[in-house]
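Input: a single structure, listed below in structure tokens.
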Amino acid sequence: MAGQSIADTLGAPLDRESPTPIFAQIRARLEDTISSGDLVAHQRIPSERQLSDRFRVSRMTVRQALDALTRDRFLYSLPGKGTFVADRKIIEQPLQHLTSFTQDILARGMRPSSRLLEGRIVQASFEMARLFGLAPTVEIVQVTRLRLADDEPLAIEAVHIPSALVPGLLDRDLAAESLYLILGRDYGLALVGARQTIEAAEPTVEEQRILGLDGPRPVLRISRLTHDANGHVVEYARSVYRGDRYHLTVELR
Ligand code: GLP
């Protein structure tokens, strides 16, 4: 669709009486046009001039909307060429099967990677020991990783595993390899199921920084208790996923 005709599909005139600033209304219109598929990935959007004519606002107001959309990775610009719709792949995790982060990302045709944020051995708190059905003095390996898809931060994940099950785990290359792969291959731990809890939440300032969010955008907090064939809890994981990139799907029958 040519730039001008897209400018025509951007909806009714703006509501000048609304408490929502004009630039935010323009931003929302463009976001809707992208979500509805009228503007697709790598398509050039109408120029600042076309948009300012369309909405009868100054180019500065249009620029404010475009800057916000660019910051949030809805758009990207190429100097001298214009502003384009970014390819915002949504990662879906189907909830019927137990999968690892690596599997979820590969299934979307993307490249998974990790950065190790912390790896240490701690003494289980009373609460954590209870989750594993162990005595409170037990030692736990705690590994915190930033998980990325195509080099973009997607989640912060802290996993806890009783040390006795995984001697030497912290010496492995946890940034390069799938944890589930290591558990199966090196420790003979076959994970067969999990109980997962999902909550919508606001990220902490630290989480926003690590995930590269430009403000308190909604995230998903996911807790997983993963067990082996005997029902023994092997892993307790707490993750925080970017809410705008990560979707959970459930099959209902
Ligand atoms: C998911 C789960 C975690 C699990 C991780 C393993 O993200 N929420 O509980 O630890 O997968 O991922 P990988 O095997 O890619 O390291």
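As the structure lists them, so they are numbered: ligands from 1, and atoms in each ligand from 1. The residues of the chain are indexed from 1 along the displayed sequence.
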Exercise. Would you mind checking if Glu152 and Arg245 are paired as a salt bridge, meaning a charged N to carboxylate O distance below 4.0 Å?
Key: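 Answer for the salt bridge query: yes.
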
Exercise. Quick one: list whatever passes side-chain contact (heavy atoms from CB on, under 4.5 Å) with Leu181, sequence neighbours left out.
Key: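 Once residues adjacent in sequence are excluded, the partners of Leu181 under the side-chain contact (heavy atoms from CB on, under 4.5 Å) criterion are Glu177, Ser178, Arg185.
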
Pick one of side chain, backbone, both or neither for how [X] approaches ligand 1, counting any non-hydrogen atom pair under 4.0 Å.
{"X": "Tyr241", "answer": "side chain"}
{"X": "Glu235", "answer": "side chain"}
{"X": "Thr102", "answer": "both"}

Quiz item: Does at least one non-hydrogen atom of Arg145 fall below 4.0 angstrom from an atom of ligand 1?
Solution: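 Per 4.0 Å heavy-atom rule, Arg145 contacts ligand 1.
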
Can you confirm, on distance only, whether ligand 1 has an N/O atom lying under 3.5 Å from any N/O atom belonging to [X]?
{"X": "Phe101", "answer": "yes"}
{"X": "Thr99", "answer": "no"}
{"X": "Thr226", "answer": "no"}
{"X": "Gln196", "answer": "no"}
{"X": "Ala237", "answer": "no"}

Quiz prompt | Heavy-atom nearest option to atom 14 (O) of ligand 1, drawn from Ser178, Gly184, Ser113 | solution =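 Nearest option to atom 14 (O) of ligand 1, by heavy atoms: Ser178.
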
